[in-house]
Amino acid sequence: MSDYLPQEIEKKWQKYWADHGTFRAADPATDPRPKFYCLTMFPYPSGTLHVGHGRNYIIGDVVARYKLTKGFNVLTPMGWDSFGLPAENAALKNKADPREWTYANIAKMKEQFRVWGVEYDWDREVATCDVPYYKWTQWVFSVLYRRGLAYRKKAPVNWCPSCNTALANEEAAGGMCERCGATVEKRDLPQWFFKITEYAPRLLDDLQLLDQWPETVRTMQANWIGRSEGARVDFKVAPGGTAAPGCAGQPLPVFTTRPDTLWGVTFMSLAPEHPMIPALVAGTPQEKEVLAFVERCRRTSAVDRAAETAEKEGVFTGRYVTNPVNGEQVPLWVANYALMDYGTGAVMAVPAHDQRDFEFAKKYGLEIKVVIQPDGQKEPLRAEDLTAAFVDAGTMVNSGPLTGTPSPSGIPEVIKFLVKQNMGEGTINYRIRDWLISRQRYWGAPIPIVYCDICGEQLVPDEDLPVELPPTAEVDFRPHGESPLAGDKKWVAAGKCPKCGGPARRETDTLAQWLCSCWYYLRYVSPVRPGQPNSQAFRKTEVEQWMPVDQYIGGVEHAVLHLLYSRFIFKVLHDAGHVGAVWPEPFRALFTQGMICKQSSKTGKLEKMSKSKGNVVAPDAIIRQYGADTQRLYTLFIGPPQKDAEWNDSAVAGSSRFLKRVWEQVENSGGMAASGHVVPYAGSGSDLSPNAKALWRRTHQTIKKVTADIETSWQFNTAIAAVMELSNLFADSAPSLAADPHGPAVLRFAAESMIRLLGPIVPHFSEELWEKMGHEGGLIAAGWPSYDEAACREDVVEIPVQVNGKLRSRITVAADSPDDAVRALALADEHVVKSIADATVRKVIIIPNRMVNIVAK
RNA sequence: GCCGGAGUGGCGGAACUGGCAGACGCGCGGGAUUCAAAAUCCCGUUCCCCUUAAAGGAGUGUGGGUUCAAGUCCCUCCUCCGGCACCA
């Protein structure tokens with residue numbers, strides 16, 4: 001007899017796995033096992049992981065262990081997304097070096113993984129802030145640059161005043177900084193962009209390949225990419241209006257999804273940021289007012305501009321534009337509801353058939369012209385009667401040659417007409433914008449570009465990579481709106497023009513951390529091994545052997561950030577021929593786990609576990625008191641892993657209780673090695689007593705259930721519940737089975753099965769018991785238990801008997817009894833007889849082995 | 001507003017393809033053990049009626065429908081969570 005002492009056995013097995021290289025992936029070229037790439041999103045090394053973080057890694061560890069046990073060559077790597085703001089902020093606060101802060105945190109968190117029993121192939125570890133790693137992040141930039149997918153341009157960009165850097169649109173969704181929640185501003189700054197828009201069609205189409213991704217993530221990406229079909233229509237500035245004659249004839253194309261309403265255009269709205277505005281109003285009486293309005297719009301934050309309450313506002317430019325289809329001249333306005341970064345920044349306004357245009361027209365007394373007549377309405381729709389825009393389909397009216405066409409078919413007709421007249425064409429517009437990748441912060445990979453006074457912007461050649469960050473001692477990295485690197489004059493001046501060999505200024509912006517995490521899964525498959533030169537980002541042959549990732553596990557918050565960026569970068573590398581002949585997507589299957597929540601002492605509400613909400617549960621105390629296996633068990637038992645769950649401190653004890661109980665059961669009745677080796681029962685069951693048979697059968701059923709739960713639906717909670725049920729039956733039958741002829745053998749079979757099924761879930765506990773039972777070589781080598789379908793089948797079943805759908809009795813019959821026998825038995829049952837006493841039986845429905853329903857009236 | 005997801009005991013959650021609602025666990029109540037407590041074990045635990053038991057009745061957000069049978073399928077409405085939101 002020995003007590004369950006998690007602290008001792010957990011250390012022992014953690015050492016065992018490390019010593020035996022249990023989680024070291026084998027070379028797929030020589031290993032006969034099928035490969036399985038199990039990837040859990042790597043964390044930002046913020047210092048400590050709480051139990052909420054743990055869920056992610058524990059799930060990944062269970063999957064990796066399960067697949068290993070099933071006989072796969074599993075690759076399960078881990079690393080650190082270690083560039084980014086918190087390191088800098090922490091360093092500023094503590095007057096320390098972000099480098100030191102980061103590596104200290106990495107060491108702490110690595111230890112936390114070890115203590116959890118969450119194991120990885122650490123030989124492949126990467127930290128994105130390692131110089132040998134970011135050398136290749138810079139190379140990825142170069143790949144895009146050389147393919148014309150990276151460019152620098154001055155543009156109004158999202159600026160986070162709190163983080164002091166420009167942000168990508170994806171990081172500023174909803175007008176708030178994704179990291180700190182501050183309201184973003186628009187600033188005109190020269191910034192680096194990746195042409196993700198060029199890949200929009202493929203990023204959208206290939207979502208169809210991702211049938212093992214959650215529907216929500218695919219939908220979010222599809223919405224973000226935002227494809228809409230329509231037409232470009234070439235309006236032109238009309239000669240009329242005030243002054244500035246040079247503008248006349250200038251093209252002002254618009255994008256519309258409703259070319260069928262083209263004859264209903266009564267004005268045009270330009271976005272306040274539209275670049276043609278200054279020229280259009282130069283020297284006109286409207287100039288002052290227009291420019292003042294533009295300035296006011298610019299100062300309004302994106303949040304306020306997009307707010308539901310935001311009033312539509314605009315100002316007339318004094319100019320007119322010509323509608324190409326009918327030659328009509330309509331007034332040109334600047335309006336705050338027109339967006340510069342969608343379409344062309346100019347909107348053809350059809351107030352009769354677009355609600356926004358309608359509101360604007362009503363406010364400023366602009367003309368409203370009906371060109372779509374609702375079907376099934378005799379009276380012509382009159383503009384004066386409209387209280388809202390009529391936006392549905394109908395029949396085109398007052399539309400020149402297309403009058404009378406049903407509006408849905410009118411759309412392609414109008415496009416045909418436009419093309420023929422050379423006035424426009426059918427186009428597809430995407431909502432997604434190019435990806436802003438430059439950051440004005442220190443702790444990131446420098447963008448490998450130099451500026452030569454003679455040759456201009458030049459890419460740093462591959463052989464000169466990495467462009468290393470200067471040591472922190474040289475840099476004042478307090479954020480102040482310009483990249484801190486710019487303050488290190490020596491570093492900036494150290495650039496060399498690759499073309500003329502002369503001195504060149506270095507680019508001082510750094511790359512967004514998102515780029516670092518776009519390719520890390522490729523570095524894992526192809527790490528630099530000791531003694532090897534760091535001469536490639538990754539080797540094509542290894543990429544071909546391991547990619548795609550078979551299972552990716554992480555949080556849904558990355559749906560349109562990391563997961564979209566990674567798909568994009570992978571496709572570019574694919575196109576450039578760097579990853580070889582592999583599937584065009586990096587991640588075959590994606591699992592997004594739910595968050596662990598807890599009541600916040602600050603808000604009083606149920607909130608995602610986080611330091612700022614003051615509701616974190618540290619794993620340390622739990623591990624000290626109960627052991628890591630208890631925490632693992634509870635984390636998996638808490639609920640379906642894809643759903644959010646509330647952490648309940650008192651329920652943790654229940655998980656510990658269960659482990660203790662199983663421990664004692666196995667020690668007392670499992671046939672330990674010390675008490676003489678008992679061979680687990682492997683017969684057909686026909687020689688067993690009823691009690692023994694029940695436990696034997698339940699064991700087979702449990703193996704079946706747990707296998708299905710883990711394999712197909714990741715229902716760890718119900719898998720654990722099934723083992724609990726088996727354990728409960730074990731406890732009930734153990735006393736009587738001790739003296740049963742096959743009793744000890746059946747108990748041994750049940751005990752071994754419980755341990756093996758719990759193996760991936762509570763690995764230290766299971767390994768220890770497995771060893772105590774006299775097995776060598778560990779649970780993974782033992783393989784996953786199999787079950788016998790015939791053994792799962794009950795030979796006696798209890799069938800509920802309903803009368804008119806209400807449960808009245810139960811009968812016990814042999815499994816697969818003929819319907820006639822079941823019917824006779826059911827109708828003879830005393831409870832049934834009573835409830836159909838004064839009625840006649842109309843019908844008896846029998847579902848074999850399941851249900852009898854007697855319809856009586 | 002639009003697009004997803006979800007509403008089941010005191011709580012977390014089970015329920016195959018339409019077939020016994022509430023598995024498993026937490027909590028709670030009762031008991032055993034103990035000088036006492038902790039721990040452990042046993043019994044009970046959807047609600048209503050009932051001293052108890054038996055036997056009933058009601059019950060899966062709302063209201064309707066299909067069916068021998070509905071948590072599950074169809075329609076209506078309500079609530080909550082997530083995402084997007086003046087996208088032309």
Side-chain angles (χ1 to χ4, degrees), chain A residues 173-175 214-224 226-228 230 254-258 261 268-269 271 305-308 310-312 335-339 341-350 353-357 359-360 429-433 556-557 559-560 594-595 597 606 633-634 637-640 642-655 657-658 660-661 664 705 708 715 717-728 731 798-810 831 834 842-856:
Chain A
E215 191 60 43
T216 46
V217 175
R218 292 196 292 165
T219 308
M220 280 166 77
Q221 290 208 356
N223 289 343
W224 188 261
R227 180 183 196 272
S228 44
V254 298
F255 172 75
T256 178
T257 55
R258 292 292 303 273
T261 63
M268 180 188 281
S269 299
R305 257 175 92 174
E308 234 165 303
E311 182 76 4
K312 288 189 187 14
N336 64 349
Y337 72 91
L339 308 173
D341 40 19
Y342 186 75
T344 62
V347 184
M348 62 174 229
V350 186
H353 306 293
D354 180 283
Q355 186 58 26
R356 291 155 305 179
D357 299 341
E359 286 168 25
F360 194 83
N429 198 50
Y430 292 91
R431 204 192 75 117
I432 191 171
R433 271 93 83 175
V556 74
E557 65 273 18
V560 291
M595 295 177 303
C597 304
L606 197 63
L633 184 69
Y634 176 64
F637 188 57
I638 195 166
Q642 62 273 42
K643 280 176 63 180
D644 289 354
E646 185 183 349
W647 187 268
N648 177 351
D649 287 313
S650 64
V652 176
S655 293
R657 242 187 324 261
F658 168 68
K660 264 189 211 148
R661 212 166 47 231
E664 281 162 22
K705 165 100 179 122
Q715 290 186 75
N717 54 330
T718 53
I720 293 165
V723 181
M724 285 174 169
E725 284 185 76
L726 177 60
S727 159
N728 290 344
E798 195 187 51
I799 300 178
V801 182
Q802 297 181 339
V803 175
N804 293 327
K806 287 192 192 229
L807 181 69
R808 290 299 178 214
S809 187
R810 297 166 201 279
H831 298 291
K834 220 160 70 185
R842 291 279 160 85
K843 207 166 157 190
V844 179
I845 291 143
I846 296 169
I847 311 295
N849 296 332
R850 281 210 166 272
M851 164 74 62
V852 176
N853 191 8
I854 298 164
V855 186

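Sequence lines set the chain letters: A, B, ... in the order given, protein chains first and strands last, and positions in each chain run from 1. Computed from a predicted structure; not experimentally measured.
- Using atom C1' as the reference point in both rC11(B) and rG65(B), the two lie 34 Å apart (nearest Å).
- Each salt bridge (charged side-chain N to carboxylate O under 4.0 Å, His left out) pair with one or both residues in residues 341-350 of chain A, not counting sequence neighbours, appears once here: Asp341(A)-Arg433(A).
- Closest to the side chain of Arg808(A), from the set rG56(B), rA23(B), rG13(B), is rG56(B).
- Of all heavy-atom pairs spanning Met268(A) and Val254(A), the tightest one is CE-CG1, 3.5 Å.
- A gap of 15 Å separates the P atoms of rG61(B) and rG13(B), to the nearest Å.
- Residues Val217(A) and Ala559(A) share a closest heavy-atom pair of CG1-CB, 4.1 Å.
- When the C1' atom is used for both rA85(B) and rG71(B), the distance is 34 Å, rounded to whole Å.
- Here, rC84(B) and rG10(B) have their P atoms 36 Å apart, quoted to the whole Å.
- A distance of about 13 Å separates the P atoms of rG7(B) and rC16(B), rounded to the whole Å.
- Candidate nucleotides rC87(B), rC3(B), rA69(B) were compared by shortest atom distance to the side chain of Thr219(A), and rC3(B) ranks first.
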Under-3.5 Å N/O pairs linking protein and nucleotides 7-12 of chain B:
residue : atom : partner   : partner atom : Å
rG12(B) : O2'  : Ile638(A) : O            : 2.8

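- The phosphate of rG4(B) has neither OP1 nor OP2 within less than 4.0 Å of any side-chain N or O from Arg218(A).
- Comparing rC26(B) with rA14(B), their C1' atoms are spaced 15 Å from each other, to the whole Å.
- Here Glu798(A) pairs with Arg810(A), Thr812(A) under the side-chain contact (heavy atoms from CB on, under 4.5 Å) rule; sequence neighbours left out.
- In this structure, of rG25(B), rA88(B), rG19(B), it is rA88(B) that holds the atom nearest to the side chain of Ala338(A).
- Spacing between rC49(B) and rG57(B) at atom C1', rounded to whole Å, works out to 8 Å.
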Q) Where each pair must be Watson-Crick or G-U wobble with both distances under 3.5 Å, what dot-bracket representation of RNA chain B is obtained, with crossing pairs in [ ] and other-strand partners as |? A) (((((((..(((......[....)))((((((.......))))))(((.......)))..(.(((..]....))).))))))))....

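- Every residue two or more places apart in sequence or in another chain that forms a side-chain contact (heavy atoms from CB on, under 4.5 Å) with Gln715(A) is listed here: Asp709(A), Ser713(A), Asn717(A), Thr718(A).
- Between Gln715(A) and rA15(B) there is a side-chain N or O to OP1 or OP2 distance below 4.0 Å.
- An anti base is found at rG63(B): its glycosidic angle is more than 90° from 0.
- Under 4.0 angstrom from either OP1 or OP2 of rG27(B) there lies at least one side-chain N or O belonging to Arg657(A).
- Arg356(A) pairs by the salt bridge (Lys or Arg N to Asp or Glu O under 4.0 Å) definition with Asp354(A), not counting sequence neighbours.
- Every salt bridge (Lys or Arg N to Asp or Glu O under 4.0 Å) that Arg218(A) has, sequence neighbours left out, goes to Glu215(A).
- In terms of phosphate contacts, Asn717(A) brings a side-chain nitrogen or oxygen within less than 4.0 Å of OP1 or OP2 of rA14(B).
- Listed by chain and residue number, Phe637(A) satisfy the side-chain contact (heavy atoms from CB on, under 4.5 Å) test with Ala721(A) (two or more places apart in sequence, or in another chain).
- With distances taken from any side-chain atom of Asn853(A) to the nucleotides rG19(B), rG57(B), rC24(B), the minimum falls on rG19(B).
- In terms of phosphate contacts, Asn223(A) brings no side-chain nitrogen or oxygen within less than 4.0 Å of OP1 or OP2 of rA85(B).
- Note on Arg431(A): a side-chain N or O is less than 4.0 Å away from OP1 or OP2 of rA85(B).
- Take Ser655(A) and apply the side-chain contact (heavy atoms from CB on, under 4.5 Å) test, not counting sequence neighbours, and it matches Thr630(A), Leu633(A), Tyr634(A).
- The separation of rC24(B) from rC77(B), taken at their P atoms, amounts to 39 Å, rounded to a whole angstrom.
- Set against rC87(B), rA88(B), rG4(B), the side chain of Arg433(A) has rC87(B) as its closest nucleotide.
- Checking side-chain atoms of Asn336(A) against main-chain N and O of Lys312(A) turns up no donor-acceptor pair under 3.5 Å.
- Put simply, Lys806(A) has no side-chain N or O that comes within less than 4.0 Å of OP1 or OP2 on rG59(B).
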